[in-house]
Amino acid sequence: MNKWNHRHIIDLANFSQRDYTSVLELTHRFRSLPQSGARKLPALQGRLVATLFFEPSTRTRSSFELAARKLSADVQTFNPSSSSLNKGETTIDTALTYVAMGADVLVVRHRSTNVPAQLAAALEDAGKRTTVLNAGDGLHSHPSQGLLDLYTLAHHFDPLNPSPICLQNKKILIVGDILHSRVARSNLWAITACGADVILCGPPSLVPKDFQAFVEAPPPGLGPDPIRKRGKIEIEHKLEKALPKADAVMALRLQQERMRENLLSDIDRYQRDYGLNHEKLNLCKQPIPVLHPGPVNRGIEISSSLLEDRSICLVEEQVRNGIPTRMALLYLMAASESAT
Ligand code: NCD
């Protein structure tokens, strides 16, 4: 196993090729373990993982908790609606309360960009050993989703040996609300790092031109990009022009709760122009898989019949892969902790 240098996982901008290889290898090993029976791995025995989701979640929170339990950790779930947030306690003080109760890992989701990074900095300043795993912050980043999507793609291209190399020279089409998507941002880092190109597709109001420069400009405060040759990013507003070039397509949810202005005047038109269905997939040069991080607006981003077509649609597979991917991240963080 390669050396793991990430005490906290905030985003994927500083992940190297070796990091992606380590996560995919370990995910594949954990995925191959028997799913039934009471077998647990002892790796995180005696550790406490707290899931602090200040924003709603179904799959991310549950799969982190299942992953932690499969590694024998104790798990503490925070429920914002019945918490002291309602009495004015701040987010950081709430998180520090869990640290005081002995949490070794905080899995944090927050509507504001940077909360996980601020928390990690506060823990470092206070000399605490607790690590932070970003489970989605604002529009910024959702690293574990980027990694499980990467694994799902690599596994589709080479089921026996899913590694970053499987993505080389592929073109991955991402269609939908790119502007509001932290998943799109994490996928851009992960996919281009493995040498695949990304085509971003959607209406101009949701696919801003400056996304093309996204991977060329690492976020402030980070060192030079650890990836020598990234894949390229292309923007194409017409789905019928993008589909024939794609080796896989990922649809993203229309995040209406994040749209401050009315960026989409007509949902029916969106569905007609950008919604995926069997008929539109006929434009592809070969059968290609369809992904979506969920939750899906059924019938808008993906037609109901396509969503249920397991021969094409990998949405269930993505949900399943979320558990071994999160096991891999928790395992790598715990292993590097014990080595220090
Ligand atoms: C995403 C999220 O919350 O960022 N969902 C997820 O974690 N699987 C995407 C979304 O909300 O549309």
Side-chain angles (χ1 to χ4, degrees), residues 9-13 27 51-68 77-78 80 106-117 132-153 172 174-191 200-203 206-207 211 214 249-260 263-264 267 270-271 274-276 290-302 307 313-330:
I9 300 179
I10 306 299
D11 59 38
L12 300 178
T27 300
T51 51
L52 310 185
F53 279 61
F54 296 88
E55 212 192 45
S57 166
T58 298
R59 58 217 91 210
T60 305
R61 194 183 81 186
S62 301
S63 62
F64 263 117
E65 294 181 351
L66 284 165
T77 308
F78 160 74
L106 301 177
V107 180
V108 181
R109 167 172 288 192
H110 202 280
R111 92 181 82 80
S112 303
T113 293
N114 263 340
V115 166
V132 176
L133 224 157
N134 181 4
D137 62 328
L139 310 184
H140 169 227
S141 174
H142 192 347
S144 63
Q145 183 71 42
L147 292 167
L148 79 88
D149 291 340
L150 184 67
Y151 176 81
T152 306
L153 286 166
I172 312 300
I174 304 182
V175 52
D177 183 359
I178 314 286
L179 178 65
H180 299 98
S181 177
R182 54 195 175 207
V183 176
R185 286 167 175 85
S186 286
N187 268 292
L188 279 172
W189 289 118
I191 293 169
L200 298 173
C201 183
L206 298 180
V207 185
F211 251 85
F214 183 74
V249 55
M250 178 184 299
L252 296 175
R253 185 173 68 90
L254 286 176
Q255 304 203 19
Q256 306 220 49
E257 76 279 14
R258 293 191 205 279
M259 294 185 194
R260 280 198 211 99
L263 291 172
L264 206 63
I267 297 277
Y270 177 87
Q271 190 262 330
Y274 299 104
L276 297 176
V290 172
L291 293 86
H292 190 305
V296 181
N297 288 310
R298 188 180 268 265
I300 298 177
E301 295 115 22
I302 305 184
L307 196 58
C313 185
L314 302 183
V315 172
E316 251 187 46
E317 189 70 15
Q318 286 170 276
V319 172
R320 265 197 298 276
N321 291 338
I323 300 170
T325 305
R326 288 165 176 132
M327 287 172 80
L329 293 177
L330 291 170

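Note: hydrogens, waters and symmetry copies are ignored here, and every other heavy atom, side chains too, is used. Keep in mind that this is a model prediction, so the values were computed, not measured. Both ligands and their constituent atoms are indexed starting at 1 by order of listing.
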Checklist line | Heteroatom proximity flag, Arg253 to ligand 1, N/O under 3.5 Å | finding: yes

Note to self: Under 3.5 Å between any N/O of Val183 and any N/O of ligand 1: does that happen in this structure?
What the structure shows: no

Check: For ligand 1, is any non-hydrogen atom under 4.0 Å from Glu55's backbone (N, CA, C, O), its side chain (CB onward), both, or neither?
Finding: neither

Margin query: Can you name the atoms of ligand 1, numbered from 1 with element, that are less than 4.0 Å from a heavy atom of Gln255?
Written below: 10 (C), 12 (O)

Check: Without hydrogens or angle criteria, can the side chains of His140 and Asn114 be said to hold a donor-acceptor pair below 3.5 Å?
Finding: no

Next item on the list: Considering the heavy atoms of His142, write down every atom of ligand 1 situated less than 4.0 Å from one of them.
Entry: 2 (C), 4 (O), 6 (C), 7 (O)

Next item on the list: Check for a donor-acceptor pair, side chain of Arg61 on one end and backbone N or O of Thr51 on the other, with a separation under 3.5 Å.
Entry: no

Margin query: Return the CD to CG distance between Glu316 and Leu307, rounded to the nearest 0.5 Å.
Written below: 9.0 Å

Check: Which atoms of ligand 1 are found less than 4.0 Å from any heavy atom of Arg109?
Finding: 2 (C), 3 (O), 7 (O)

Notebook entry, point to check: With distance as the sole test, does Arg111 use its side chain to make a donor-acceptor pair with the main-chain N or O of Leu139 at under 3.5 Å?
Noted result: no

Checklist line | Pi-cation contact, Phe53 with Arg109 (under 6.0 Å, within 45°) | finding: no

Notebook entry, point to check: Among Ala184, Ser181, Gly294, Pro293, which residue places a heavy atom closest to atom 1 (C) of ligand 1?
Noted result: Gly294

Next item on the list: Over all heavy atoms of both residues, which pair between Ser144 and Thr325 is shortest? Give the atoms and the distance, please.
Entry: O-CG2, 4.0 Å

